[in-house]
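What follows is a single structure, written as C-alpha coordinates, with notes after it.
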Amino acid sequence: MNVSNLVKGMLVLFSVLGITASALGGAPTDKIRQTTDKILSILADPSLKNPSKVEERRRLIRKAVDERFNWEEMARRSLARHWVPRTDEERREFVRLFADLLERTYMSKVEGYSGEKVLYEGEKADGEYATVNVKIVTKKNVDIPVVYRLKKGGDDWLVYDISIEGVSLVNNYRTQFNSIITQSSYENLIKKLKEKGAQK
Amino acid sequence: MKKIDLELTVGLFIIAGILCLGYLSIKLGKMEVWGGKGYDLYALFSEVGGLKSGASVEIAGVEIGRVKNITLEHYQARVVIDLSENVRIQEDAIASIKTKGLIGERYIEITPGGSEKIMGPGDRIRETQPAVNLEELISKFVFGKI
(Lines give C-alpha, C1' and ligand atoms only; values in the text may rest on other atoms or scores of the structure.)
Protein backbone atom coordinates (compact mmCIF):
# COMPACT_ATOMS: atom_id res chain seq x y z
CA MET A 1 0.00 0.00 0.00
CA ASN A 2 2.70 2.37 1.06
CA VAL A 3 4.79 1.49 -1.93
CA SER A 4 1.98 2.16 -4.39
CA ASN A 5 1.32 5.52 -2.73
CA LEU A 6 4.95 6.32 -3.10
CA VAL A 7 4.82 5.39 -6.78
CA LYS A 8 1.72 7.56 -7.24
CA GLY A 9 3.42 10.44 -5.50
CA MET A 10 6.47 10.02 -7.69
CA LEU A 11 4.29 9.95 -10.79
CA VAL A 12 2.56 13.17 -9.78
CA LEU A 13 5.90 14.79 -9.01
CA PHE A 14 7.37 13.74 -12.34
CA SER A 15 4.36 14.88 -14.32
CA VAL A 16 4.55 18.28 -12.58
CA LEU A 17 8.28 18.46 -13.34
CA GLY A 18 7.52 17.44 -16.91
CA ILE A 19 4.97 20.23 -17.31
CA THR A 20 7.29 22.91 -15.96
CA ALA A 21 10.07 21.62 -18.17
CA SER A 22 7.89 21.90 -21.27
CA ALA A 23 6.74 25.36 -20.19
CA LEU A 24 10.39 26.40 -19.94
CA GLY A 25 10.94 25.17 -23.49
CA GLY A 26 9.84 28.49 -24.95
CA ALA A 27 12.24 30.53 -22.82
CA PRO A 28 13.78 32.61 -25.65
CA THR A 29 10.35 33.61 -26.97
CA ASP A 30 9.19 34.44 -23.44
CA LYS A 31 12.20 36.69 -22.93
CA ILE A 32 11.58 38.56 -26.18
CA ARG A 33 7.89 38.84 -25.32
CA GLN A 34 8.64 40.20 -21.85
CA THR A 35 10.93 42.90 -23.17
CA THR A 36 8.59 43.83 -26.02
CA ASP A 37 5.62 44.06 -23.65
CA LYS A 38 7.68 46.14 -21.25
CA ILE A 39 8.62 48.64 -23.95
CA LEU A 40 5.07 48.78 -25.28
CA SER A 41 3.74 49.48 -21.79
CA ILE A 42 6.29 52.30 -21.38
CA LEU A 43 5.14 53.75 -24.71
CA ALA A 44 1.49 53.42 -23.72
CA ASP A 45 1.98 54.92 -20.25
CA PRO A 46 -0.09 58.14 -20.22
CA SER A 47 2.04 59.67 -17.45
CA LEU A 48 5.07 59.53 -19.77
CA LYS A 49 3.27 60.96 -22.83
CA ASN A 50 4.01 64.55 -21.78
CA PRO A 51 6.71 66.15 -24.00
CA SER A 52 8.66 67.11 -20.88
CA LYS A 53 8.97 63.41 -20.05
CA VAL A 54 10.71 62.47 -23.31
CA GLU A 55 14.10 62.00 -21.68
CA GLU A 56 12.63 59.97 -18.85
CA ARG A 57 10.80 57.75 -21.30
CA ARG A 58 13.91 57.25 -23.41
CA ARG A 59 15.86 56.31 -20.34
CA LEU A 60 13.26 53.69 -19.37
CA ILE A 61 13.19 52.22 -22.88
CA ARG A 62 16.98 52.12 -23.00
CA LYS A 63 17.00 50.32 -19.67
CA ALA A 64 14.54 47.69 -20.89
CA VAL A 65 16.58 47.16 -24.04
CA ASP A 66 19.86 47.01 -22.11
CA GLU A 67 18.47 44.13 -20.08
CA ARG A 68 17.76 42.05 -23.16
CA PHE A 69 20.64 42.97 -25.49
CA ASN A 70 24.16 41.73 -25.17
CA TRP A 71 25.87 44.89 -26.41
CA GLU A 72 29.34 43.50 -26.05
CA GLU A 73 28.59 40.43 -28.14
CA MET A 74 26.84 42.57 -30.74
CA ALA A 75 29.71 45.07 -30.91
CA ARG A 76 32.29 42.29 -31.05
CA ARG A 77 30.49 40.60 -33.91
CA SER A 78 30.05 43.88 -35.77
CA LEU A 79 33.70 44.86 -35.46
CA ALA A 80 34.60 41.24 -36.32
CA ARG A 81 38.28 40.75 -37.05
CA HIS A 82 39.14 44.31 -36.04
CA TRP A 83 37.99 43.48 -32.51
CA VAL A 84 40.95 41.18 -31.86
CA PRO A 85 43.78 43.78 -31.84
CA ARG A 86 41.85 46.24 -29.62
CA THR A 87 42.85 46.78 -26.01
CA ASP A 88 40.32 46.25 -23.21
CA GLU A 89 39.85 49.98 -22.85
CA GLU A 90 39.25 50.47 -26.59
CA ARG A 91 36.75 47.61 -26.52
CA ARG A 92 34.79 49.16 -23.65
CA GLU A 93 34.72 52.50 -25.44
CA PHE A 94 33.60 50.88 -28.68
CA VAL A 95 30.78 48.93 -27.01
CA ARG A 96 29.49 52.16 -25.46
CA LEU A 97 29.67 54.08 -28.75
CA PHE A 98 28.03 51.20 -30.61
CA ALA A 99 25.12 50.96 -28.17
CA ASP A 100 24.64 54.74 -28.42
CA LEU A 101 24.71 54.54 -32.21
CA LEU A 102 21.92 51.98 -32.19
CA GLU A 103 19.96 54.01 -29.67
CA ARG A 104 20.19 57.13 -31.85
CA THR A 105 19.24 55.18 -34.97
CA TYR A 106 16.32 53.23 -33.59
CA MET A 107 14.92 55.21 -30.66
CA SER A 108 12.84 57.47 -32.94
CA LYS A 109 11.49 54.37 -34.72
CA VAL A 110 10.45 52.86 -31.40
CA GLU A 111 8.86 56.13 -30.32
CA GLY A 112 6.95 56.23 -33.58
CA TYR A 113 5.09 53.06 -32.57
CA SER A 114 1.44 53.32 -33.43
CA GLY A 115 -0.33 50.10 -32.61
CA GLU A 116 1.50 47.66 -34.91
CA LYS A 117 0.78 44.07 -33.98
CA VAL A 118 3.59 41.79 -32.85
CA LEU A 119 3.09 38.09 -33.55
CA TYR A 120 5.39 35.38 -32.24
CA GLU A 121 5.95 32.70 -34.84
CA GLY A 122 8.05 30.11 -33.11
CA GLU A 123 11.64 29.62 -32.15
CA LYS A 124 14.55 27.32 -32.79
CA ALA A 125 16.98 26.49 -30.04
CA ASP A 126 20.29 24.79 -30.65
CA GLY A 127 22.42 24.42 -27.55
CA GLU A 128 23.32 27.87 -26.30
CA TYR A 129 21.98 29.59 -29.42
CA ALA A 130 18.38 30.30 -30.35
CA THR A 131 16.42 32.20 -32.95
CA VAL A 132 12.98 33.69 -32.36
CA ASN A 133 10.80 34.53 -35.32
CA VAL A 134 8.52 37.51 -34.93
CA LYS A 135 6.14 39.08 -37.40
CA ILE A 136 5.25 42.74 -37.12
CA VAL A 137 2.01 43.63 -38.85
CA THR A 138 1.70 47.29 -39.70
CA LYS A 139 -1.57 49.16 -39.89
CA LYS A 140 -1.45 48.87 -43.67
CA ASN A 141 -1.37 45.11 -43.23
CA VAL A 142 2.19 44.69 -44.39
CA ASP A 143 4.07 41.89 -42.68
CA ILE A 144 7.62 42.57 -41.60
CA PRO A 145 9.47 39.41 -40.61
CA VAL A 146 11.96 39.95 -37.81
CA VAL A 147 14.35 37.30 -36.50
CA TYR A 148 16.02 37.70 -33.12
CA ARG A 149 19.19 35.73 -32.57
CA LEU A 150 19.90 34.99 -28.94
CA LYS A 151 22.71 33.46 -26.98
CA LYS A 152 22.40 31.93 -23.55
CA GLY A 153 24.15 33.84 -20.79
CA GLY A 154 23.68 32.07 -17.47
CA ASP A 155 19.92 31.57 -17.07
CA ASP A 156 19.11 34.38 -19.42
CA TRP A 157 18.80 34.65 -23.18
CA LEU A 158 20.37 37.76 -24.66
CA VAL A 159 19.98 39.16 -28.16
CA TYR A 160 23.13 39.47 -30.27
CA ASP A 161 21.66 40.06 -33.72
CA ILE A 162 18.41 41.10 -35.36
CA SER A 163 17.40 40.35 -38.94
CA ILE A 164 14.67 42.42 -40.53
CA GLU A 165 13.37 41.17 -43.89
CA GLY A 166 16.31 38.78 -43.85
CA VAL A 167 18.90 41.55 -43.56
CA SER A 168 21.12 41.15 -40.54
CA LEU A 169 21.98 44.19 -38.43
CA VAL A 170 25.38 42.81 -37.42
CA ASN A 171 26.26 42.00 -41.03
CA ASN A 172 25.26 45.50 -42.10
CA TYR A 173 27.49 47.17 -39.52
CA ARG A 174 30.24 44.60 -40.05
CA THR A 175 30.55 45.54 -43.74
CA GLN A 176 30.37 49.27 -43.00
CA PHE A 177 32.92 49.20 -40.16
CA ASN A 178 35.22 46.98 -42.18
CA SER A 179 35.21 49.32 -45.17
CA ILE A 180 35.81 52.39 -42.97
CA ILE A 181 38.68 50.72 -41.11
CA THR A 182 40.36 49.29 -44.20
CA GLN A 183 40.05 52.59 -46.07
CA SER A 184 41.24 54.74 -43.19
CA SER A 185 41.77 53.52 -39.65
CA TYR A 186 40.07 52.37 -36.48
CA GLU A 187 40.69 55.81 -34.95
CA ASN A 188 38.79 57.36 -37.82
CA LEU A 189 35.82 55.07 -37.18
CA ILE A 190 35.79 56.09 -33.50
CA LYS A 191 36.00 59.74 -34.55
CA LYS A 192 33.04 59.30 -36.90
CA LEU A 193 30.97 57.57 -34.23
CA LYS A 194 31.77 60.32 -31.73
CA GLU A 195 30.90 63.07 -34.23
CA LYS A 196 27.56 61.43 -34.93
CA GLY A 197 26.91 61.28 -31.20
CA ALA A 198 27.74 64.94 -30.75
CA GLN A 199 25.43 65.98 -33.58
CA LYS A 200 22.35 64.97 -31.63
CA MET B 1 57.41 -3.87 -88.49
CA LYS B 2 56.77 -0.55 -90.20
CA LYS B 3 53.01 -1.03 -90.02
CA ILE B 4 53.08 -1.58 -86.25
CA ASP B 5 55.08 1.60 -85.75
CA LEU B 6 52.50 3.62 -87.66
CA GLU B 7 49.60 2.15 -85.68
CA LEU B 8 51.49 2.74 -82.46
CA THR B 9 52.04 6.41 -83.31
CA VAL B 10 48.39 6.92 -84.25
CA GLY B 11 47.35 5.24 -81.03
CA LEU B 12 49.67 7.42 -78.97
CA PHE B 13 48.32 10.52 -80.69
CA ILE B 14 44.75 9.53 -79.96
CA ILE B 15 45.53 8.83 -76.30
CA ALA B 16 47.29 12.19 -76.04
CA GLY B 17 44.24 13.79 -77.69
CA ILE B 18 41.84 12.16 -75.25
CA LEU B 19 43.96 13.25 -72.29
CA CYS B 20 43.95 16.84 -73.60
CA LEU B 21 40.17 16.71 -74.02
CA GLY B 22 39.75 15.37 -70.50
CA TYR B 23 42.02 18.07 -69.09
CA LEU B 24 40.14 20.77 -71.01
CA SER B 25 36.71 19.64 -69.88
CA ILE B 26 37.83 19.48 -66.26
CA LYS B 27 39.41 22.94 -66.49
CA LEU B 28 36.48 24.48 -68.29
CA GLY B 29 33.92 22.80 -66.05
CA LYS B 30 35.96 23.84 -63.01
CA MET B 31 35.55 20.39 -61.52
CA GLU B 32 37.70 18.78 -58.91
CA VAL B 33 38.81 15.31 -59.91
CA TRP B 34 41.19 14.40 -57.17
CA GLY B 35 38.77 15.42 -54.45
CA GLY B 36 40.51 18.75 -53.97
CA LYS B 37 42.43 19.78 -50.91
CA GLY B 38 39.66 21.83 -49.40
CA TYR B 39 37.12 21.18 -46.68
CA ASP B 40 33.34 21.33 -46.38
CA LEU B 41 31.11 23.55 -44.27
CA TYR B 42 27.35 23.73 -44.32
CA ALA B 43 24.74 26.38 -43.63
CA LEU B 44 20.94 26.50 -43.37
CA PHE B 45 19.08 29.20 -45.27
CA SER B 46 15.37 29.96 -45.15
CA GLU B 47 15.52 30.90 -48.83
CA VAL B 48 18.23 30.37 -51.44
CA GLY B 49 16.33 31.87 -54.38
CA GLY B 50 17.93 30.16 -57.35
CA LEU B 51 21.37 29.40 -55.94
CA LYS B 52 22.85 26.54 -57.96
CA SER B 53 25.46 23.99 -56.99
CA GLY B 54 28.72 25.15 -58.47
CA ALA B 55 27.96 28.79 -57.61
CA SER B 56 30.92 30.62 -56.15
CA VAL B 57 31.59 31.42 -52.51
CA GLU B 58 33.39 34.71 -52.00
CA ILE B 59 35.07 36.83 -49.38
CA ALA B 60 35.61 40.45 -50.39
CA GLY B 61 34.72 39.45 -53.96
CA VAL B 62 37.46 36.84 -54.16
CA GLU B 63 36.37 33.30 -54.90
CA ILE B 64 37.38 30.97 -52.08
CA GLY B 65 35.17 27.99 -52.80
CA ARG B 66 32.09 26.62 -54.45
CA VAL B 67 28.63 25.38 -53.54
CA LYS B 68 28.81 21.60 -53.47
CA ASN B 69 25.18 20.68 -53.07
CA ILE B 70 21.82 22.02 -51.93
CA THR B 71 19.21 19.85 -50.24
CA LEU B 72 15.99 20.39 -48.33
CA GLU B 73 16.09 19.87 -44.56
CA HIS B 74 13.06 20.64 -42.40
CA TYR B 75 11.78 22.95 -45.13
CA GLN B 76 15.02 24.88 -45.10
CA ALA B 77 17.79 24.83 -47.64
CA ARG B 78 20.91 23.02 -46.49
CA VAL B 79 23.83 24.26 -48.52
CA VAL B 80 27.17 22.46 -48.43
CA ILE B 81 30.12 24.55 -49.54
CA ASP B 82 33.59 23.39 -50.42
CA LEU B 83 36.32 25.82 -49.41
CA SER B 84 39.98 25.82 -50.27
CA GLU B 85 42.11 24.64 -47.37
CA ASN B 86 44.06 27.85 -46.77
CA VAL B 87 40.91 29.86 -46.00
CA ARG B 88 40.01 30.02 -42.33
CA ILE B 89 36.43 30.86 -41.43
CA GLN B 90 35.63 32.05 -37.92
CA GLU B 91 32.75 30.61 -35.97
CA ASP B 92 30.82 33.92 -36.10
CA ALA B 93 31.19 34.51 -39.83
CA ILE B 94 27.99 35.39 -41.69
CA ALA B 95 27.06 33.71 -44.96
CA SER B 96 24.66 35.66 -47.12
CA ILE B 97 23.21 34.96 -50.53
CA LYS B 98 23.82 37.81 -52.94
CA THR B 99 23.03 38.53 -56.56
CA LYS B 100 25.63 39.58 -59.10
CA GLY B 101 24.30 42.83 -60.45
CA LEU B 102 20.58 43.44 -60.37
CA ILE B 103 19.40 40.22 -62.02
CA GLY B 104 22.61 38.23 -62.24
CA GLU B 105 23.42 34.84 -60.82
CA ARG B 106 23.33 34.07 -57.13
CA TYR B 107 26.44 33.51 -55.08
CA ILE B 108 27.39 33.24 -51.40
CA GLU B 109 29.29 36.04 -49.74
CA ILE B 110 30.97 35.35 -46.41
CA THR B 111 31.76 38.22 -44.09
CA PRO B 112 34.51 37.03 -41.77
CA GLY B 113 33.93 37.29 -38.04
CA GLY B 114 36.15 38.12 -35.11
CA SER B 115 35.91 34.96 -33.04
CA GLU B 116 39.02 33.01 -32.10
CA LYS B 117 37.22 29.76 -32.90
CA ILE B 118 38.00 28.61 -36.44
CA MET B 119 35.60 26.22 -38.13
CA GLY B 120 36.76 22.79 -39.23
CA PRO B 121 35.43 20.28 -41.77
CA GLY B 122 31.72 19.56 -41.42
CA ASP B 123 30.96 22.51 -39.13
CA ARG B 124 27.92 24.69 -39.57
CA ILE B 125 27.95 28.40 -40.36
CA ARG B 126 25.29 29.45 -37.89
CA GLU B 127 24.72 33.01 -39.02
CA THR B 128 23.06 33.18 -42.40
CA GLN B 129 21.22 35.77 -44.40
CA PRO B 130 18.72 34.44 -46.96
CA ALA B 131 18.38 35.62 -50.53
CA VAL B 132 16.43 38.84 -50.81
CA ASN B 133 13.47 38.17 -53.01
CA LEU B 134 12.91 41.31 -55.08
CA GLU B 135 9.54 40.08 -56.32
CA GLU B 136 8.30 39.53 -52.80
CA LEU B 137 9.50 42.96 -51.73
CA ILE B 138 7.82 44.61 -54.70
CA SER B 139 4.59 42.70 -54.17
CA LYS B 140 4.60 43.82 -50.56
CA PHE B 141 4.52 47.40 -51.68
CA VAL B 142 2.11 46.80 -54.53
CA PHE B 143 -0.42 44.56 -52.78
CA GLY B 144 0.35 45.42 -49.19
CA LYS B 145 -1.96 48.37 -48.94
CA ILE B 146 -5.45 47.06 -48.42
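Residue numbers begin at 1 in each chain, while the letters A, B, ... track the order of the sequences.
- Atom NZ of B:Lys100 has more than 12 neighbouring heavy atoms from other residues, nucleotides or ligands inside a 6.0 Å radius.
- Both B:Val57 and B:Val87 are assigned to one and the same hydrophobic cluster, defined by single-linkage of ILVMFWY side chains at heavy-atom distances under 4.5 Å.
- Neither the backbone nor the side chain of A:Ser163 comes within less than 4.5 Å of any heavy atom of chain B.
- For A:Val147, no part lies under 4.5 angstrom from a heavy atom of chain B.
- You'll find the side chain of A:Arg76 reaches within 4.5 Å of the side chain of B:Ser115, heavy atoms only.
- Heavy-atom distances place both the backbone and the side chain of B:Thr128 under 4.5 Å from chain A.
- In A:Glu93, the CD atom is crowded: over 12 heavy atoms of neighbouring residues, nucleotides or ligands sit closer than 6.0 Å.
- A 6.0 Å sphere centred on OH of B:Tyr23 holds no more than 12 heavy atoms belonging to other residues, nucleotides or ligands.
- Heavy atoms of B:Glu127 lying under 4.5 Å from chain A belong to its backbone as well as its side chain.
- The interface of residues 78-92 of chain A with chain B, defined by heavy-atom distances below 4.5 Å, comprises A:Ala80, A:Arg81, A:Val84.
- Atom-to-atom distance recorded for A:Thr175:OG1 and B:Glu109:CD is 8.5 Å, nearest 0.5 angstrom.
- More than 12 heavy-atom neighbours from other residues, nucleotides or ligands sit within 6.0 angstrom of CD on A:Glu128.
- Separating the CZ atom in B:Arg126 from the CG atom in A:Asp126 is a distance of 4.5 Å, to the nearest 0.5 Å.
- Of the listed residues B:Pro112, B:Pro130, B:Ala131, the one with more heavy-atom pairs under 4.5 angstrom with chain A than any other is B:Pro112.
- Residues A:Lys124 and B:Gln76 meet the side-chain proximity criterion, which asks for heavy atoms closer than 4.5 Å.
- Using a 4.5 Å cut-off between heavy atoms, A:Asn178 does not touch chain B at all.
- Residues B:Leu44 and A:Tyr129 do not share a hydrophobic cluster, clusters being chains of Ile/Leu/Val/Met/Phe/Trp/Tyr side chains in contact below 4.5 Å.
- Linking Ile, Leu, Val, Met, Phe, Trp and Tyr residues whenever their side-chain heavy atoms come within less than 4.5 Å leaves A:Val146 and A:Val137 in two separate clusters.
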Exercise. Tell me, with the steps shown, if A:Arg174 and B:Asp92 meet side-chain contact (heavy atoms from CB on, under 4.5 Å).
Key: CA-CA 11 Å; A:Arg174 188 181 280 183; B:Asp92 60 345; 4.0 Å; yes

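- The number of heavy atoms from other shown groups lying within 6.0 Å of CZ (B:Arg88) does not exceed 12.
- When hydrophobic clusters are built by joining Ile, Leu, Val, Met, Phe, Trp and Tyr residues whose side-chain heavy atoms come closer than 4.5 Å, directly or via intermediates, B:Ile64 is not grouped with B:Tyr107.
- With hydrophobic clusters built from ILVMFWY side chains whose heavy atoms lie under 4.5 angstrom apart, A:Leu101 shares a cluster with A:Trp71.
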